[in-house]
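First comes the structure, then the notes that go with it.
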Number of protein chains: 2
Amino acid sequence: MSENVSVYDVARLAKVSPSTVSNVLNGRLDRMRPETTERVMKAMEQLGYTPNQLARQLKTGNVPMIGLIVPSVANPFWGAVARNVEEVAQSLGYQLLLCNAERDPEREQRYAEAMWSSGIRGVIFGSSPLSFDHLVPLAHRGLQVVAFDRQSQSADQVVVDSIGVDNTLGARLAVNHLLTEGHRRIGFLSGPIRTVSRLDRLAGYQAALKNAGVEPDPALIWEGASVSAFGDIEGVEMGRAGARTLLSRPERPTALFTVNDMYALGAYAGARDLGLHVPEDVSVIGFDDLVPLTEISVPMLTTVRQPLPQMMCEAVELLIGRLSKSRTGPPEHVVIEPELIVRESTASPISHIAVDTLTINKE
Amino acid sequence: MSENVSVYDVARLAKVSPSTVSNVLNGRLDRMRPETTERVMKAMEQLGYTPNQLARQLKTGNVPMIGLIVPSVANPFWGAVARNVEEVAQSLGYQLLLCNAERDPEREQRYAEAMWSSGIRGVIFGSSPLSFDHLVPLAHRGLQVVAFDRQSQSADQVVVDSIGVDNTLGARLAVNHLLTEGHRRIGFLSGPIRTVSRLDRLAGYQAALKNAGVEPDPALIWEGASVSAFGDIEGVEMGRAGARTLLSRPERPTALFTVNDMYALGAYAGARDLGLHVPEDVSVIGFDDLVPLTEISVPMLTTVRQPLPQMMCEAVELLIGRLSKSRTGPPEHVVIEPELIVRESTASPISHIAVDTLTINKE
DNA sequence: CTGAAAGCGCTAACAG
DNA sequence: CTGTTAGCGCTTTCAG
């Protein structure tokens, strides 16, 4: 249970001064004879010395750690995000402090403040709330934030870097695919639309319909109310409920575009509840491309892919660029093109026999 | 970009001494006049003062943070673990430092050391490697560790608290269920069996068979070799490959017990690849009960549930009990009884019509 | 090439 | 009730 071996102890044993030990620690070997280095190293080993990072951090102000605030890592999507962020942060010499904020601005702020006061100077927000106003004070003090899936709006009091796919485009890709398959009554399934990403996906959905001369029917837009605090994992439940509702309408939609893959999988269940088959009776298309879930679902899910590895890599590099002062200037917004991954959950509404034989003309 | 408001600044403004400010900070209000408190508070606000946790931690040695080392949060199971750990740690005033070690002992050790040197004194290991020998030095210095799903063996050089389900029992529950359904050729599907939990599940599988007078056939045990570093998410791929292999044997198994739910879902795919149906042609039973995946899969997955919320709650309490010195003494091993959740992926091998009409006699 | 000394911001005796 | 003081363990000028 030894605790307290300090540079002084090492110094004494090696018969040098503490500052020399510090120099060894920091690789400034050019300032001393190789033999001195040697002696110091040996002493460290003998004493089982480990540098106290807290002291170092207090002194230098450098805390090699970034924060990641997500709705909930229990959601496979955010789990994957965390996994990717950790991977690249690690490779850049940073550790990851993870927080689940459950989309609660207060919690977000509390976390961000706690991070700031433990020396963390950069955080990635996965939650992408509509406004970052609650972060203004911290941002003013110098907290760097990069937002996932959210560009700061002109109305914002604080500008942040951001990274994300073009959600509007993604939604249009999805809906256009459905449209060219021949669908006209296309439902939109989502939970509370309180994030820009969801807003954008809805906008893209509506735009694509209008573009094709189809008037969006508000009755086909289902916006579930979040029930519990455990929110995210329930995309499945919400998707299921939403699908049941929409598919029970007198003139039911022939296709469902969902705000993410969990909702889509839930929609499968909802359809099944009503004795409907995917894609024969109803096409379903998701968002995210949560491999491997999308590949093992039956039928395999057609969805819009967000290339997480690249995205999170960019995000971390953006952030660390700021932290290391190697990047300054106005906020950057990296927007990535999403890709439609066509699998088995979408088909023509006319007949499930002639599925692939229709002439498909891209918009 | 202000950084550096210290207790001294506050003290000066409030016309008190730094120690008084410190006392306010630490809620020792009984040591001063209410009006003094008032003045200090006002000064803090005026200056936008935030206590520097690093300094406090350096001074007191208390770092309210615990570490969690898992194979990969991209795996929904570990994501759920992280989620639960964070939840209760948070409620006990601790934050969570998360690391993906990819089951690599070296990485585990590096992380654990980094944690130690930043003042973290307790970590939860999800990876549950076969041996904790690599942690001996840290444990000797006083690092508290609780292992998930792994009791320390007598041969261990270091004893740690642990929490986990009775994996042997879980496996027996699963296999017995299959046995009473009438299955005799039951396959075991797993990735590398290098953790006690997997070892135990295998043992339980074998024990249950023997108990029923069925000689375990080594040819029905499939132990996939881990391919990539991204390991865990690939349970699905491995399960698929394993199922294909086992189900292609001349006398193919009529049921598959998999080491976890991801493998089970992969097994679905493998069966499908061969034109086989679950559960008509082959029963599948998993482990973990990854809700909601198990409930939206088709068919819904029969599996052995690990009650994560309780388990992680226990784990964190165990750990924080040690950290706060409120618990001392020999290592504790909390073992929880797993529960068999029967859904739709298991049926009698004889006929898929008579499924539920057999006389079922529990062992 | 190496050492002495002054803090980083906070806390905790111990005096007053 | 409140102030003085001495560090926590490390880094970093600045002298030797």
Side-chain angles (χ1 to χ4, degrees), chain A residues 2-41 43-44 47-64 113-114 116-121 141-142, chain B residues 2-41 43-44 47-64 113-114 116-121 141-142:
Chain A
S2 63
E3 272 270 356
N4 29 20
V5 202
S6 81
V7 277
Y8 286 89
D9 302 313
V10 177
R12 202 174 316 125
L13 210 169
K15 296 190 190 310
V16 295
S17 84
S19 61
T20 303
V21 178
S22 172
N23 283 333
V24 172
L25 241 38
N26 293 286
R28 283 183 281 268
L29 303 181
D30 50 316
R31 296 196 193 169
M32 69 195 85
R33 264 187 244 107
E35 37 183 303
T36 312
T37 309
E38 192 71 4
R39 267 211 328 280
V40 172
M41 301 278 261
M44 286 183 180
L47 297 172
Y49 170 76
T50 330
N52 180 326
Q53 297 298 339
L54 285 173
R56 173 202 291 256
Q57 287 166 15
L58 173 59
K59 182 66 187 176
T60 64
N62 284 331
V63 178
E113 246 148 32
W116 173 267
S117 66
S118 18
I120 293 175
R121 292 297 173 260
R141 286 165 171 226
Chain B
S2 64
E3 272 269 356
N4 30 19
V5 202
S6 81
V7 276
Y8 287 89
D9 302 313
V10 177
R12 202 173 318 126
L13 209 169
K15 295 189 189 311
V16 296
S17 83
S19 63
T20 302
V21 178
S22 171
N23 283 332
V24 174
L25 242 38
N26 293 287
R28 284 183 279 269
L29 303 181
D30 49 315
R31 295 196 194 169
M32 69 195 85
R33 263 187 244 110
E35 39 184 298
T36 311
T37 309
E38 192 71 4
R39 263 208 334 277
V40 172
M41 301 279 260
M44 286 183 182
L47 296 172
Y49 169 76
T50 329
N52 179 326
Q53 297 299 339
L54 285 172
R56 172 202 292 257
Q57 287 165 14
L58 173 60
K59 180 67 187 177
T60 64
N62 283 332
V63 178
E113 247 149 31
W116 174 266
S117 65
S118 15
I120 294 175
R121 292 297 173 260
R141 285 162 172 230

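Note: hydrogens, waters and symmetry copies are ignored here, and every other heavy atom, side chains too, is used. Naming: A, B, ... by sequence-line order, numbering from 1 per chain. Since this is a predicted model, take the numbers as computed values, not measurements.
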Presence of donor-acceptor pair under 3.5 Å, side chain of K59(A) and base of dG7(C): yes
Looking at M32(B), I'd like to know if its CE atom is crowded, meaning that more than 12 non-hydrogen atoms belonging to other residues, nucleotides or ligands lie closer than 6.0 Å. yes
Where [X] and [Y] come nearest, the two heavy atoms and their spacing:
| X | Y | value |
| --- | --- | --- |
| P51(A) | L25(A) | CB-CD2, 4.2 Å |
| V63(A) | S118(A) | CG2-O, 3.9 Å |
| V24(A) | M41(A) | CG1-SD, 4.0 Å |
| N52(B) | A55(B) | OD1-N, 3.1 Å |
| V7(B) | Y49(B) | CG1-OH, 3.6 Å |

Over how many whole Å does the gap from [X] atom [atom1] to [N] atom [atom2] extend?
| X | N | atom1 | atom2 | result |
| --- | --- | --- | --- | --- |
| N62(B) | dC8(D) | CG | C1' | 12 Å |
| L29(A) | dT2(C) | CG | C1' | 14 Å |
| R31(B) | dG16(C) | CZ | P | 18 Å |
| Q57(B) | dT11(C) | CD | P | 11 Å |
| W116(A) | dG9(C) | CH2 | C1' | 15 Å |
| L25(B) | dA12(C) | CG | C1' | 14 Å |
| L58(B) | dT11(C) | CG | C1' | 11 Å |
| R12(B) | dC10(C) | CZ | P | 13 Å |

What is the distance from atom [atom1] of [X] to atom [atom2] of [Y], rounded to the nearest 0.5 Å?
| X | Y | atom1 | atom2 | result |
| --- | --- | --- | --- | --- |
| T20(B) | R28(B) | OG1 | CZ | 11.0 Å |
| R33(A) | R39(A) | CZ | CZ | 8.0 Å |
| D9(A) | M44(A) | CG | CE | 11.5 Å |
| N23(B) | S17(B) | CG | OG | 8.0 Å |
| T36(B) | R31(B) | OG1 | CZ | 14.0 Å |
| R56(A) | L54(B) | CZ | CG | 13.0 Å |

S6(B), nearest nucleotide to its side chain (from dA6(C), dG9(C), dT2(D)): dG9(C)
Check the phosphate of dT11(C) against R28(B), side-chain N and O only, distance under 4.0 Å to OP1 or OP2. Yes or no? no
N or O in side chain of T36(A) less than 4.0 angstrom from dT2(C) OP1/OP2: yes
End-to-end axis angle, where each axis spans five pairs of the helix from dC1(C)-dG16(D) to dG16(C)-dC1(D), to 10°: 40°
Output the residues of residues 48-56 of chain A in contact with DNA chain C, where contact means a heavy atom of the residue under 4.0 Å from an atom of the strand; sort by number or write none. none
Which residues, if any, of residues 16-23 of chain A bring a heavy atom under 4.0 Å of DNA chain D? S19(A), S22(A)
